[in-house]
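Presented below is the structure to which this report refers.
Keep in mind the model is a prediction, meaning the values are calculated, not measured. As the structure lists them, so they are numbered: ligands from 1, and atoms in each ligand from 1. This chain uses plain numbering: 1 for the first residue, then up along the sequence.
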Amino acid sequence: RADIAMFRAKELGGDNYKFYTHAMREQLGERVQMESALRQALERHEFVLYYQPQVDIGSGRIVGMEALIRWQHPEMGMVAPGRFIPVAEETGMILQMGAWVLRSACQQLRTWQCEGRRHLRVAVNVSARQMAERDFVGSVADVLTEAGLSPDCLELELTESLVMNDVEHAIAVMHQLKKLGVKLAIDDFGTGYSSLAHLKRFTVDVLKIDQAFVRDLTVDPDDAAIVTTIIALAANLNLEVISEGVETLDQLSFLREHGCYQMQGYYFSRPVPATVFGAVLDENEARLAAGERVPLGVA
Ligand code: C2E
Ligand code: MG
Ligand code: MG
Ligand code: MG
């Protein structure tokens, strides 16, 4: 691939050649380094899952959590997914990584359920490459069976761009997943370029309002309008709606007033390791027992 890129740059000639080769060599170097580092990370088990609670404001209860991958690099420390997921996608390593995430999240949920936390569900992010895999649905079914989980405890988060990659294929896979009994959510809703006509054909259960709209919700009338419109859209289409990126009580109040009762964000808790999440759940139960409706997390 490097040779092809170099050849193309050469064709452009002169200064372009020098410019492109230099920039590309640097980029390719980084890419290759990152790729081999990721490969090692998988072998050395350097990935961990963090969990962030999803709260039902009506009851004040944590009803589920989103699994979010982290890379615990021996030298670099904790690496955020934004830095390595794109590379993992491009190199196809996301398949192995995604399979690991799905299995770990399901096994972790099973562990929590066995401890008596039966009402919980787990949300897992799915990438386009995974959806395109030949037997993605079969692998999801296998993971659920292996973990001994009921399919309705698993929610798969898809993005609009993932779906738009190959709409017909995505819709077919969504139907199969639906038949299997897992829940489907559209992540970062409103930031992609899927049309309402498509949304009608998606067999999703949940719209997840992107944090970009939530951030300035209380000061930007446009964001407020977008959010209330998404909430109304979800209600009219009989879909659940959840807000991400809820950081303040003002945002929470606005969302609740406008009919969004499921929320996720730093206001409740940052994503935390599984061991800490157990304590977050305990604290939530304790606060509910004490009569509190809106749980304040460990943010
Ligand atoms: P996402 O799925 O939209 O996840 C939400 C992101 O928002 C997470 O970032 C979370 O830590 C962050 N967040 C949560 N609450 C707040 C808040 O109140 N304020 C702010 N400012 N941020 C908040 P994170 O963990 O860095 O993940 C970033 C993205 O990486 C995710 O966005 C998702 O697209 C991707 N990702 C994470 N884990 C996985 C994975 O296992 N597989 C795949 N394919 N993608 C993943
Ligand atoms: Mg997500
Ligand atoms: Mg999101
Ligand atoms: Mg987001």
Quiz item: What do we get for Thr159 next to ligand 1 when only non-hydrogen atoms under 4.0 Å count, side chain, backbone, both or neither?
Solution: neither
Quiz item: Which atoms from ligand 1 have a heavy atom of Glu247 less than 4.0 Å away?
Solution: 17 (C), 18 (O), 19 (N), 20 (C), 21 (N)
Quiz prompt | Option among Glu244, Arg270, Gln264, Glu66 that satisfies the side chain to side chain donor-acceptor pair (under 3.5 Å) test with Gln52 | solution = Gln264
Quiz item: Salt bridge or not for Arg117 and Glu285, using N-O below 4.0 Å?
Solution: no
Quiz item: Where is the tightest heavy-atom contact between Thr91 and Ala88, given as atom of each residue plus distance?
Solution: OG1-O, 3.4 Å
Quiz item: Going by side-chain heavy atoms closer than 4.5 Å, which hydrophobic residues are tied to Tyr50, directly or by a chain of links?
Solution: Val48, Met78
Quiz item: Hey, does Glu66 sit under 4.0 Å from ligand 1 if you only count heavy atoms?
Solution: yes
Practice problem: Output yes when Glu43 and Arg39 qualify as a salt bridge under the 4.0 Å nitrogen-oxygen rule, no when they do not. | Solution: no
Exercise. Please could you name the atoms of ligand 1 that Pro271 approaches to less than 4.0 Å, counting only its heavy atoms?
Key: 11 (O)
Quiz item: Should the pair Asp220-Arg215 be classified as a salt bridge under the 4.0 Å nitrogen-to-oxygen rule?
Solution: no
Quiz item: How many protein N, O or S atoms sit closer than 2.8 Å to the Mg ion (ligand 2)?
Solution: 4
Self-check item: Same cluster (ILVMFWY, side-chain, under 4.5 Å), Val276 and Met65
Solution: yes
Quiz item: Does any N/O atom on Gln130 come nearer than 3.5 Å to any N/O atom on ligand 1?
Solution: no
Exercise. Return yes or no for this condition: an N or O of Gln211 is under 3.5 Å from an N or O of ligand 1.
Key: yes
Quiz item: Between Arg70 and ligand 1, which part of the residue brings a heavy atom under 4.0 Å of the ligand: side chain, backbone, both or neither?
Solution: side chain
Quiz item: Relative to the heavy atoms of Gln52, which atoms of ligand 1 are at a distance of less than 4.0 Å?
Solution: 14 (C), 15 (N)
Quiz item: Can you tell me if Gly82 has a non-hydrogen atom under 4.0 Å from ligand 1?
Solution: no
Self-check item: Apart from Ile242 itself, residues in the same hydrophobic cluster as defined by side-chain heavy atoms under 4.5 Å
Solution: Val206
Quiz item: At under 4.0 Å between heavy atoms, which part of Glu244 makes contact with ligand 1: side chain, backbone, both or neither?
Solution: side chain
Practice problem: Quick one: pull up OG in Ser36 and CE in Met93 and give me the separation to the nearest 0.5 Å. | Solution: 9.0 Å
Quiz item: Out of curiosity, is Gly98 lining ligand 1, as in a heavy atom under 4.0 Å away?
Solution: no
Quiz item: Between Leu49 and ligand 1, which residue portion shows a heavy-atom distance shorter than 4.0 Å: side chain, backbone, both, or neither?
Solution: neither
Quiz item: Below 3.5 angstrom, do we get any N/O pair linking Asn125 and ligand 1?
Solution: yes
Quiz prompt | Numbered atoms and elements of ligand 1 in range of Ile85, under 4.0 angstrom, heavy atoms | solution = 43 (C), 45 (N), 46 (C)
Exercise. Pull out every atom of ligand 1 sitting under 4.0 Å from any heavy atom of Pro81, numbered as shown with elements.
Key: 24 (P), 25 (O), 26 (O), 27 (O), 28 (C), 30 (O), 37 (C)
Self-check item: Shared hydrophobic cluster for Phe254 and Val219 (ILVMFWY, side-chain gaps under 4.5 Å)
Solution: no
Practice problem: Give the intermediate values and the outcome of salt bridge (charged side-chain N to carboxylate O under 4.0 Å, His left out) for residues Glu89 and Arg129. | Solution: CA-CA 7 Å; Glu89 299 243 17; Arg129 292 286 275 261; over 6 Å; no
Self-check item: Test salt bridge (charged side-chain N to carboxylate O under 4.0 Å, His left out) applied to Glu283 and Arg287, step by step
Solution: CA-CA 6 Å; Glu283 193 187 274; Arg287 283 174 187 273; 3.3 Å; yes
Exercise. Decide, yes or no, whether a salt bridge links Arg103 with Asp142 under the criterion of side-chain N to carboxylate O below 4.0 Å.
Key: no
Quiz item: Taking distance alone, with no angle check, do Ala67 and ligand 1 share an N/O pair under 3.5 Å?
Solution: no
Exercise. Return yes or no for this condition: an N or O of Gln264 is under 3.5 Å from an N or O of ligand 1.
Key: no
Under 3.5 Å, which donor-acceptor pairs link side chains of residues 221-238 to any protein atom two or more places apart or in another chain?
residue, atom, partner, partner atom, Å
Thr228, OG1, Ala224, O, 3.0
Thr228, OG1, Ala225, O, 3.0
Thr229, OG1, Ala225, O, 2.7
Asn236, ND2, Ala232, O, 3.2

